[in-house]
Trainee: 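Below are the structure tokens for one structure; questions will follow.
Each chain gets a letter, A, B and so on, in the order its sequence line appears, and its residues count up from 1. These numbers were taken from a predicted model, which means no experiment stands behind them.
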Protein chains: 2
Amino acid sequence: MQIDLEGFMLTQQRKAHILHVLKQTGQVIAKQLSQELDLSEDTIRRDLRELAADGLLQRVHGGALPASPALADFSGRQTIATDGKQAIGRAAAAMIRPNQVIFIDGGTTAVQLARQLPPDLVATIVTHSPSVAVELVNYPNITVDLIGGRLFKHSVVAVGASAIEAIGRYRADIYFMGATGIHPEIGLTTGDSEEAAVKRMLCHHAAETVVLASREKLGAASPYLVVSMNDVQCLVVERDTPQESLQAYTEMDLTIIKA
Amino acid sequence: MQIDLEGFMLTQQRKAHILHVLKQTGQVIAKQLSQELDLSEDTIRRDLRELAADGLLQRVHGGALPASPALADFSGRQTIATDGKQAIGRAAAAMIRPNQVIFIDGGTTAVQLARQLPPDLVATIVTHSPSVAVELVNYPNITVDLIGGRLFKHSVVAVGASAIEAIGRYRADIYFMGATGIHPEIGLTTGDSEEAAVKRMLCHHAAETVVLASREKLGAASPYLVVSMNDVQCLVVERDTPQESLQAYTEMDLTIIKA
DNA sequence: ATAAAACGTGCAATTTCGTGCAGAGTCAAG
DNA sequence: CTTGACTCTGCACGAAATTGCACGTTTTAT
């Protein structure tokens, strides 16, 4: 690959180049890059460290690999469904009434919800999670609409412009949302900006947003804001959630359901 | 299996490769790996020891086996149940070259294809099958684009106008198609008109269409025509497919690959 | 029982890493 | 114009990781 020979390459350009090579070849090697860009390996290593800190790649000895630390993580998480998440899923499923149009989010808790639906439920379920879609194959009376887009592998959901656009064509009765962070003042947050945008869109296109709040999410915050608590109508929490974790929410205009 | 021939393989990649081989074949042999990767057996043994320490596999004399007996059972079932389809998937996967854009169809054979992809493949895969999408989560270098639409549960694929429209935005290098009927004169057929329409669209938006032809599909016909054999460039069949089943195709302008 | 293969450990050579530090360049306030 | 703060880069040096080899032990197969 030919690199700019006259002007200097800015640091940011260099980082972009590293990510580009990583995307094209699936790996980058520190020594190789330093020769290609005519820089010391120290500089390259620094770049790699910083990019890794931003979660844009995975640092390994000798270079870097694409970021996918959540890969085995997810398949692991999926099998071990805690009782708490099952209960949340069951309580949420009970909220659905016949012939409603429902958005179901991605994530482990949402998959639990899909598993807990009454088998004879008549409804239309719209989801950007292929995992949820696959779960719903066995429900003969449920129409499943799959939202397409680029697959964000960490959460296994479709994101991006086409996903946003597709969501815009729906008006759902309920959106069952998962979130990695639920905080009374900050609001609902997640770890990826694209995913946050999709969740926001889903929220705004549903009459009611119900948050599936498993214990470890309460009081936490992630980098990207989805919506504030004002945009949420209902919270489903585990039965044995400590009262003090819920205190801040009880004063808001919010239904709290204990599963 | 083809390994990266230019750049060096990073240590972590090597471990990932070992786990992938283990998952695919249900076992790994130290000596085999050392020859395949051109490294001393000591290094391989060290890798196996470390992976075993992480609980990712079970160390045995001569190599390693999957971590839990349950997992071995699982991977065993898969390989046995779909021996022929697995071979077809592997042969099809070998056709993909780096950085291509690939359509993968729905259906069991297509899922096998997804499982047989080389773990370090760099490519963009577009699919209207949520099952295929979920399979590809574990491939860090593959960009997955999910085609949305109404879910046709029998085949577990998205169909309908929005699926057709989304497909229209792509131009793929290869379309790997499954079909319930493959007949030399009638062409390719399937059991649902909507699904046929989607397959047709995929076929017309790919430079090359490759049909995954497991044994029981050859010579059969279903109600809805997808395309005639003229629109197909390649057929992948099982190695022991009787010659008379293939006779009619050999006279056509068609590449036949025996898996 | 005996030979061959696989194993584990210790060791040395090489490579890569991280950190502290210094020089060069940029920018803004004085 | 000068000064000071800040950033970026390269170098040095000790620490850590990786790999192959040697040697004695254990396992497997004949």
Side-chain angles (χ1 to χ4, degrees), chain A residues 1-22 24-69 71-72, chain B residues 1 3-22 25-67 69 72 119-120 140-141:
Chain A
M1 173 166 313
Q2 193 62 23
I3 306 301
D4 194 345
L5 290 172
E6 329 185 28
F8 284 101
M9 183 175 240
L10 297 165
T11 306
Q12 209 153 336
Q13 284 179 304
R14 190 176 61 236
K15 287 188 182 178
H17 177 254
I18 292 175
L19 288 176
H20 181 255
V21 172
L22 182 61
Q24 288 298 315
T25 65
Q27 62 164 197
V28 284
I29 293 162
K31 188 171 193 173
Q32 223 171 63
L33 280 173
S34 78
Q35 292 171 355
E36 182 183 336
L37 302 176
D38 196 30
L39 287 169
S40 75
E41 291 184 40
D42 302 69
T43 302
I44 300 298
R45 273 198 289 269
R46 252 183 289 253
D47 289 344
L48 294 181
R49 249 177 287 170
E50 288 164 16
L51 290 169
D54 291 347
L56 271 47
L57 51 76
Q58 183 194 351
R59 194 66 226 285
V60 300
H61 197 91
L65 295 173
S68 61
L71 126 184
Chain B
M1 160 123 16
I3 305 300
D4 196 343
L5 290 173
E6 348 188 12
F8 282 91
M9 182 174 242
L10 296 164
T11 307
Q12 297 301 324
Q13 277 181 308
R14 188 178 60 236
K15 288 188 182 177
H17 172 75
I18 292 174
L19 287 177
H20 183 259
V21 172
L22 182 61
T25 65
Q27 63 162 18
V28 285
I29 296 163
K31 186 168 191 174
Q32 221 171 66
L33 281 172
S34 78
Q35 292 171 355
E36 180 184 339
L37 302 176
D38 195 30
L39 288 168
S40 74
E41 291 185 41
D42 301 69
T43 301
I44 300 298
R45 274 198 288 270
R46 249 184 291 253
D47 287 345
L48 294 181
R49 251 176 282 167
E50 287 164 18
L51 290 170
D54 291 348
L56 272 49
L57 51 75
Q58 183 194 346
R59 195 67 227 285
V60 298
H61 199 92
L65 294 173
D120 53 354
N141 304 320

Trainee: Roughly, in whole Å, what's the span from CZ in R45(A) to P in dA12(D)?
Mentor: 14 Å
Trainee: Under the salt bridge (charged side-chain N to carboxylate O under 4.0 Å, His left out) test, which residues partner R14(B), sequence neighbours left out?
Mentor: D47(B)
Trainee: What's the separation between atom CG in L39(B) and atom CZ in R45(B), rounded to the nearest 0.5 Å?
Mentor: 12.5 Å
Trainee: How close do S34(B) and E41(B) get, heavy atom to heavy atom, and via which atoms?
Mentor: OG-CG, 3.4 Å
Trainee: For every nucleotide of nucleotides 21-30 of chain D, 5' to 3': is a protein heavy atom under 4.0 Å from its base (B), only from its sugar-phosphate (S), or from neither (-)?
Mentor: BB----SS--
Trainee: Once you round to the nearest 0.5 Å, how far does CD of E36(B) lie from NE2 of H17(B)?
Mentor: 4.0 Å
Trainee: Separation of Q12(A) atom CD from dT9(D) atom P, in whole Å?
Mentor: 12 Å
Trainee: If you measure from CG on L48(B) to CD1 on I44(B), what distance do you get to the nearest 0.5 Å?
Mentor: 7.0 Å
Trainee: Using heavy-atom distances to pick each residue's nearest nucleotide on DNA chain C, tell me which of V60(B) and A30(A) is more 5'.
Mentor: V60(B)
Trainee: Write down the distance between CZ (R14(B)) and C1' (dT18(D)), rounded to a whole number of angstrom.
Mentor: 8 Å
Trainee: Using whole Å, report how far CG of L48(B) lies from C1' of dT18(D).
Mentor: 16 Å
Trainee: In whole angstrom, what separates D47(B)'s CG from dA17(D)'s P?
Mentor: 15 Å
Trainee: Taking atom CG of L19(A) and atom CG of L51(A), what is their separation to the nearest 0.5 Å?
Mentor: 5.0 Å
Trainee: Pick out which of I29(A), V21(A), L22(A) makes a side chain to side chain contact (heavy atoms under 4.5 Å, CB included) with T25(A).
Mentor: V21(A)
Trainee: Can you name the closest pair of heavy atoms from P66(A) and N141(B) and give their distance?
Mentor: CG-OD1, 2.6 Å
Trainee: Distance check: side-chain N/O of T43(B) vs OP1/OP2 of dT19(D), anything under 4.0 Å?
Mentor: no
Trainee: Can you pull the contact range of chain A along DNA chain C, 5' to 3', using atoms under 4.0 angstrom from its heavy atoms?
Mentor: dT16(C) to dT19(C)
Trainee: Does any part of the side chain of T11(B), heavy atoms only, come nearer than 4.5 Å to the side chain of V60(A), both counted from C-beta?
Mentor: no
Trainee: If I take atom CG in residue L33(B) and atom P in nucleotide dG20(D), what distance separates them, rounded to the nearest angstrom?
Mentor: 14 Å
